[in-house]
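One structure below.
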Amino acid sequence: MDILKRQRDFFDSQQTKNLAFRKMALKDLQKEIELREDAICDALYADFKKPKFETLAAETQFVLAELKLAIKNLALWARPERKSGTLLNWPSSDWIYKEPYGSVLIIAPWNYPFQLVFAPLIGAIAAGNTAVVKPSEATPNTSRIVQEIITTVFMPEHVSVVEGGVEVSQRLLSQKWDYIFFTGSTRVGKIVYESAAKHLTPVTLELGGKNPCIVDDTAAINLAAKRIVWGKFLNAGQTCIAPDYILVHSRVKDKLIEALKRSIEHSFGKSVETSPDYTRLVDEKHYNGLKAMLQGEAILYGGETNDSDNFLAPTLVNEPRVDSKLMEGEIFGPILPIIAYDNVEVIHNYITRYGKPLATYVFSTNKKFQNKIITEYGFGGGAINDTVIQITNKKLPFGGVGASGIGAYHGKTSFELFSHQKAIIKKANWLDAPLRYPPYNLPLKLIKKVKHLF
């Protein structure tokens, strides 16, 4: 692919390693996003009626916050890091140099089609790489404005956009990249990982999972319902860290259901379809798939649809079977199964059934119970007595584990992700201990004592 060769040549010119060059590129990107913020909001609304508030909060301002942090701290992040040496290598100074990988491929999804292009791109540029971005074809208006922004800010040999469908992704993945960053489903993530393995290319896979939300009988039910409704129905449930299903203690199940209904109506009104604050599903295929999941289920609330608008109302489902379509995998939409439990064995059976999710949420005032869930089960990240908020702190890494992903980013972690940590020891010449050289004259009984020198 010609653009990849041009980017490799540009990277080899050493220009991207210049800190002033990187910082200027990030500043130019910041100015362009600020200039086009209203147009970005319009593009996301045109793609799937995302409310302007959600676009500002979860897309543009999220990205601008990442940019400001990177611009402010780039020199600190990039400088060589001094490490203490060992007696064996004395006299020496020991260092970690942060080295860019080279040419990076970023494949973005449709659910947050602006944020999930630029958040990883900021890390890649800050670390000194070149990048090719593949936005989602499912959100064409956002893809178009992403193309316009990147074309305006960057030289193509530095950052380029390649638009298209599955065949374009396949063609890109057939090339040898120095790093691949993919956000999307676990199914496609396996394909990306397999393609990368052919070239031994390192990857970050930001995937998803069946995220449990556990509500025990000590929880503040009304507040829990308010926070669950917000996290679940944000972006119409098309959020990788949204609660996927609720496990609620049987003693408070009915109370929680009523509180969830009240919170939905408070957020979106009795006619959700007319609410300006409710997103639509991204396309007909995804919409039909979610409708199919509801077949034969006991709907407690919601379930209204509009085929002409890909509208599916916030929907609560009572006790779906474990082998139902709804419980096969990640729902990724505005459907929330509610399942009662009476003991921790039920919780254990559900959580372990689906592998390690991207997020787990616990609503409880029992610290022992909170700690039990946090420490006994593997998952990417989560929150106690809230949902989704773990993504907002740039000091916290964001990423999955196992089937929910490989690697983490955000803030300084993004810079580190796209940087190879190069270890360097600078050895002095004025002393050279003879013990390490043959012929080996050190008595064998003293060999085991050498470990104290490391």
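Note that the structure is a prediction, hence the values are computed from the model and not measured. Worth knowing before you read on, the calculation uses all heavy atoms, side chains too, and leaves out hydrogens, waters and symmetry mates.
At a cut-off of 3.5 Å, with distance as the only test, no side-chain donor of Y112 or T183 sits close to an acceptor on the other residue. One side chain, K253 or N318, offers a donor N or O that lies under 3.5 Å from an acceptor on the other. Looking at D342 and S250, their side chains do bring a donor and an acceptor atom within 3.5 Å of each other.
Listed by first and then second residue, the ring-ring contact (aromatic ring centres under 6.0 Å, His included) pairs involving residues 190-232 amount to none (not counting sequence neighbours). Applying the salt bridge (Lys or Arg N to Asp or Glu O under 4.0 Å) test to every pair with at least one member in residues 229-242, sequence neighbours left out, gives no pairs at all. Residues in residues 22-55 take part in no ring-ring contact (aromatic ring centres under 6.0 Å, His included) pair, two or more places apart or across chains. The ring-ring contact (aromatic ring centres under 6.0 Å, His included) contacts involving residues 312-341 comprise W110-F332, H249-Y341, where partners must be two or more places apart or lie in separate chains.
Residues D309 and K49 are paired through a salt bridge, judged by an N-O separation under 4.0 Å between the basic side chain and the carboxylate. Salt bridge absent: K285 and D283 never bring a charged side-chain N and a carboxylate O closer than 4.0 Å. Comment: K270 does not engage E273 in a salt bridge, judged by the lack of any side-chain N to carboxylate O separation of less than 4.0 angstrom. Salt bridge absent: D42 and K52 never bring a charged side-chain N and a carboxylate O closer than 4.0 Å. A salt bridge links R36 with E32; the closest basic N to acidic carboxylate O contact falls under 4.0 Å. Salt-bridge formation is not detected for the pair R187/E330: no Lys NZ or Arg NE/NH1/NH2 atom is positioned less than 4.0 Å from an Asp or Glu carboxylate oxygen. Ionic pairing of E265 and R262 is not present here: no N-O contact between side-chain nitrogen and carboxylate oxygen is shorter than 4.0 angstrom. The pair K210-E328 does not count as a salt bridge, with every side-chain nitrogen at least 4.0 angstrom from each carboxylate oxygen. Between K372 and E376, at least one side-chain nitrogen of the basic residue sits less than 4.0 Å from a carboxylate oxygen of the acidic one, meeting the salt-bridge criterion. In this structure, K98 pairs ionically with E81, as a charged nitrogen and a carboxylate oxygen lie closer than 4.0 Å.
Listed for the N141 side chain is no donor-acceptor partner under 3.5 Å among the backbone atoms of A43. Checked by atom type and distance alone, the side chain of S324 never pairs as donor or acceptor with a backbone atom of V322 at under 3.5 Å. Not a single donor-acceptor pair under 3.5 Å links the side chain of N371 to the backbone N or O of K367. A donor-acceptor pair under 3.5 Å is absent between the side-chain atoms of N73 and the main chain of L76, judged by distance alone. Although no hydrogens or angles enter the test, the distance criterion places no donor-acceptor pair under 3.5 Å between the side chain of S414 and the main chain of P120. Remark: side-chain polar atoms of S263 are not paired, donor with acceptor, to backbone N or O of L260 under 3.5 angstrom. Under a 3.5 Å cut-off, the side chain of R22 and the backbone N or O of A126 do form a donor-acceptor pair. Distance alone, capped at 3.5 Å, places no donor-acceptor pair between the W177 side chain and the A131 backbone. A distance-only check finds a donor-acceptor pair linking the side chain of E319 to the backbone of A340 [under 3.5 Å]. One N or O on the side chain of D216 and one on the backbone of A219 form a donor-acceptor pair closer than 3.5 Å.
Using bins of under 30°, 30° to 60° and over 60° for the plane-to-plane angle, the ring pair H348/Y377 lands in the tilted bin. Aromatic ring pairs are classed by plane angle as parallel below 30°, tilted from 30° to 60° and perpendicular above 60°; the pair F114 and F118 is tilted.
Partner of M327 under the side-chain contact (heavy atoms from CB on, under 4.5 Å) criterion, chosen from D244, I339, V317: I339.
With values rounded to the nearest 0.5 angstrom, I373 atom CD1 is found 12.5 Å from K368 atom NZ. The distance from atom CE of M24 to atom CG of L19, rounded to the nearest 0.5 Å, is 12.5 Å.
Of all non-hydrogen atoms in I331 and L290, the two that sit nearest each other are O-CD2, 3.3 Å. Of all non-hydrogen atoms in N129 and G102, the two that sit nearest each other are OD1-N, 2.8 Å. Considering every non-hydrogen atom in both N385 and S364, the closest pair reads OD1-N, 2.9 Å. Shown here for N211 and A242, the closest heavy-atom pair between the two residues is ND2-O, 2.9 Å. Pairing each heavy atom of P243 with each of L336, the nearest pair is O-CD1, 4.2 Å. Shortest non-hydrogen contact noted between F11 and T16 is CD1-OG1, 3.5 Å.
Aromatic rings of H410 and F415 (six-membered ring for Trp) have centroids beyond the 6.0 Å cut-off, not under it. If you look at F233 and Y278, their ring centroids are not closer than 6.0 Å.
Shown here is Q421, whose CD atom has more than 12 heavy atoms of other residues, nucleotides or ligands within 6.0 Å. Shown here is K261, whose NZ atom has more than 12 heavy atoms of other residues, nucleotides or ligands within 6.0 Å. By the 6.0 Å contact criterion, NZ on K226 is open, its count of non-hydrogen atoms from other residues, nucleotides or ligands being 12 or less. The number of heavy atoms from other shown groups lying within 6.0 Å of NZ (K17) is above 12.
In this structure K422 satisfies the side chain to side chain contact (heavy atoms under 4.5 Å, CB included) test together with Y97, E99, H420, I424, sequence neighbours excluded. By the side chain to side chain contact (heavy atoms under 4.5 Å, CB included) test, A108 is found to be paired with V117, residues two or more places apart in sequence or in another chain being considered. Evaluation of the side chain to side chain contact (heavy atoms under 4.5 Å, CB included) rule for Q147 yields T151, V161, E163 as partners, not counting sequence neighbours. For Y301, the ring pair (Phe, Tyr, Trp, His ring centres under 6.0 Å) test picks out no residue, with sequence neighbours left out. With sequence neighbours left out, D254 forms a side chain to side chain donor-acceptor pair (under 3.5 Å) with no residue at all. By the side chain to side chain contact (heavy atoms under 4.5 Å, CB included) test, E345 is found to be paired with N343, N349, residues two or more places apart in sequence or in another chain being considered. The side chain to side chain donor-acceptor pair (under 3.5 Å) search around Y409 returns none, not counting sequence neighbours.
Residues F154 and L29 form a side-chain contact, since some pair of their non-hydrogen atoms from C-beta on lies under 4.5 Å apart. Inter-residue side-chain proximity for I150 and S160 is flagged as unmet; no heavy-atom pair is nearer than 4.5 Å. Proximity of D178 to V104: side-chain heavy atoms (C-beta onward) are nowhere separated by under 4.5 Å. At least one side-chain heavy atom of I214 sits less than 4.5 Å from a side-chain heavy atom of I351. Two residues are said to be in side-chain contact when any heavy atoms from C-beta on lie closer than 4.5 Å; L294 and L312 meet this criterion. At a threshold of 4.5 Å between non-hydrogen side-chain atoms, the residues N310 and T305 do not count as touching. Within the 4.5 Å cutoff, side-chain heavy atoms of S103 are placed close to those of L4. In this structure the side chain of K198 never reaches within 4.5 angstrom of the side chain of K176, judged on heavy atoms.
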Give every donor-acceptor pair under 3.5 Å between a side-chain atom in residues 393-403 and any protein atom, sequence neighbours left out.
| from | atom 1 | to | atom 2 | distance (Å) |
| --- | --- | --- | --- | --- |
| N393 | OD1 | K395 | N | 2.9 |

